[in-house]
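Input: a single structure, listed below in structure tokens.
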2 protein chains.
Amino acid sequence: MAKLRRVVLERLMRYYRFLSESSFKKPPQTITSAQIAEALDIDPTQVRKDFGTIGLLGIGRVGFDVCEVCRAIRFNLGFDQRQEAVLIGTGHLGTALLAYSGFASYGLHIVAAFDSDSDKVGGEIAGCAVKPMRAMKPYIKRRGIRLAILTAPHEVAQKLADRLVSAGIKAIWNFAPTRLTAPPDVLVRDEHISLGLSVIAHHLAQATRPDRGQDTEGRAP
Amino acid sequence: MAKLRRVVLERLMRYYRFLSESSFKKPPQTITSAQIAEALDIDPTQVRKDFGTIGLLGIGRVGFDVCEVCRAIRFNLGFDQRQEAVLIGTGHLGTALLAYSGFASYGLHIVAAFDSDSDKVGGEIAGCAVKPMRAMKPYIKRRGIRLAILTAPHEVAQKLADRLVSAGIKAIWNFAPTRLTAPPDVLVRDEHISLGLSVIAHHLAQATRPDRGQDTEGRAP
DNA sequence: CCCCTATTGAGATTTTTTTCACGTTTACTA
DNA sequence: TAGTAAACGTGAAAAAAATCTCAATAGGGG
């Protein structure tokens with residue numbers, strides 16, 4: 001499996017979401033790059049190129065087999081192997097993520113949550129047990145968990161990240177408003193909604209105090 | 001105020017967060033492009049270019065005035081003008097966003113929440129009144145609100161988006177796992193965490209079944 | 001069975017984004 | 001007050017990403 005660039009990965013995810021949602025699974029189960037492009041506002045050539053990079057071949061005058069496309073994307077994005085994760089910090093956001101049922105379709109399973117609040121420890125959120133922080137490291141080691149979802153407050157985020165790394169975590173999905181430092185072999189994906197806000201705020205400000213500005217850019221993800 | 005590209009906007013936000021967080025406000029209140037670049041893992045030239053596009057000039061051997069940089073970014077991102085928003089859908093995620101206190105520093109104020117659950121209507125979440133859906137349109141019109149934060153379930157997201165547009169909303173910050181359709185003058189920013197997941201899942205899958213793959217790409221936002 | 005047209009794959013081209021290279025400016029030091 | 005070095009601005013180059021063009025292919029209709 002080749003290493004893919006981020007832009008490609010994100011587009012693959014979009015294709016996957018589009019194809020798995022709607023009713024493309026029923027016959028004739030094929031779709032053309034133009035149809036996908038139209039729906040997702042992407043260039044058709046781009047779609048074919050992306051498919052090409054994960055080894056998908058279409059057939060002239062017909063297009064692509066939807067199931068085959070989904071299978072290839074699942075393979076390349078790793079959705080076909082069960083991925084266990086722990087979630088650190090059961091605040092509002094952590095709870096929202098625990099309650100989100102869509103992760104399973106990407107192979108992602110949150111198997112435990114950890115929190116420092118002793119009132120929450122011992123309880124359950126959306127069917128997931130909440131454990132004390134001190135149980136984190138042994139739990140991760142014992143189960144060989146590689147992914148952590150970090151939804152703790154800013155103040156403790158880096159410290160927790162360090163503990164996660166030392167426990168053997170290989171990827172941190174960081175929702176804390178903090179830029180984390182981690183060794184190069186650990187992937188950190190910062191999920192900052194503030195980036196989205198910058199686009200929105202600027203757009204609205206533009207409308208208020210415009211200046212020779214013509215549209216040059218389309219829509220966000 | 002010139003129209004800026006998305007990549008630039010997102011980097012500006014990163015600079016802003018970095019500069020406003022730490023203690024750069026105390027004397028000498030200056031910072032070099034290299035320092036910023038180092039902390040944010042960006043090329044120093046890029047930093048200077050970005051600053052240049054919003055009209056910031058540094059001075060040789062000194063760098064940039066932190067306050068001036070912040071002010072320029074605030075202006076260009078529109079943080080200096082109060083921006084009122086409504087939030088639609090007070091589920092876990094909606095609640096998390098209502099409870100997040102950081103928005104105010106970007107000029108963003110969520111002034112009302114709307115929900116279809118009659119148990120929630122009339123109540124308050126994080127100091128924000130929850131109103132019935134039917135009150136949405138008149139409220140938006142009356143207060144001239146231009147931004148809506150959409151945290152409703154997938155099934156109703158598009159229908160709500162249509163109602164928001166007809167009420168006069170000019171930007172939708174969409175957290176529903178749905179690609180929305182809206183007129184071209186309405187900005188839609190889809191905030192899909194699944195895009196982040198694609199990067200993480202691929203990384204972990206790579207580690208499991210590698211193939212001549214050497215690292216070519218750095219870290220996420 | 002052969003033509004017609006929709007659709008693909010891939011090379012070429014363009015555009016965007018990032019990085020490099022270097023002359024200029026400015027503060028510090030002797 | 002001149003020399004030095006750190007930092008800047010900018011134009012050129014490189015790299016990455018997106019788009020265009022077109023011959024080849026494959027169903028479908030006559």
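Treat the numbers as computed from the prediction; the structure is a model and nothing was measured.
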A:Arg11 side chain, from C-beta outward: closest of D:dG9, C:dT17, D:dA18: D:dA18

hbond_proxy B:Arg61 side chain to C:dT25 base (donor-acceptor, 3.5 Å cutoff): no

Any donor-acceptor N/O pair, B:Arg17 side chain to A:Arg179 backbone, under 3.5 Å: no

Backbone of B:Ile88 reached by a side-chain donor or acceptor of B:Thr151 within 3.5 Å: yes

Whole-Å distance separating the CG atom of A:Asp50 from the C1' atom of C:dT8: 15 Å

CD (A:Glu38) with more than 12 external heavy atoms under 6.0 Å: no

B:Ser33 side-chain N/O to D:dA7 phosphate OP1/OP2 under 4.0 Å: no

Whole angstrom value for the distance that separates P of D:dT10 from CG of B:Leu56: 12 Å

Sugar-phosphate only, base, or nothing, as touched by A:Gly52 at under 4.0 Å among non-hydrogen atoms: nothing

Whole-Å gap separating C1' (C:dT15) and CG (A:Asp43): 13 Å

Distance in angstrom units between B:Ile31 CD1 and D:dA6 P, rounded: 18 Å

Atom-to-atom span, CZ of A:Phe64 to P of D:dT25 - whole angstrom: 16 Å

Touch class at under 4.0 angstrom, heavy-atom based, for A:Ile42 against every strand present: nothing

A:Leu57 CG to C:dT7 P, straight-line distance once rounded to whole Å: 18 Å

Whole-Å distance separating the CD atom of B:Gln46 from the C1' atom of D:dT10: 14 Å

hbond_proxy A:Lys49 side chain to C:dT8 base (donor-acceptor, 3.5 Å cutoff): no

Parallel, tilted or perpendicular: ring planes of B:Phe51 versus B:Tyr15, cut at 30 and 60 degrees: perpendicular

Main-chain N/O of A:Thr45 paired with A:Asp43 side-chain donor or acceptor, under 3.5 Å: yes

d(CZ, B:Arg48; P, C:dA21) in whole Å: 14 Å

Contact under 4.0 Å: B:Thr45 side-chain N or O vs D:dT10 OP1/OP2: no

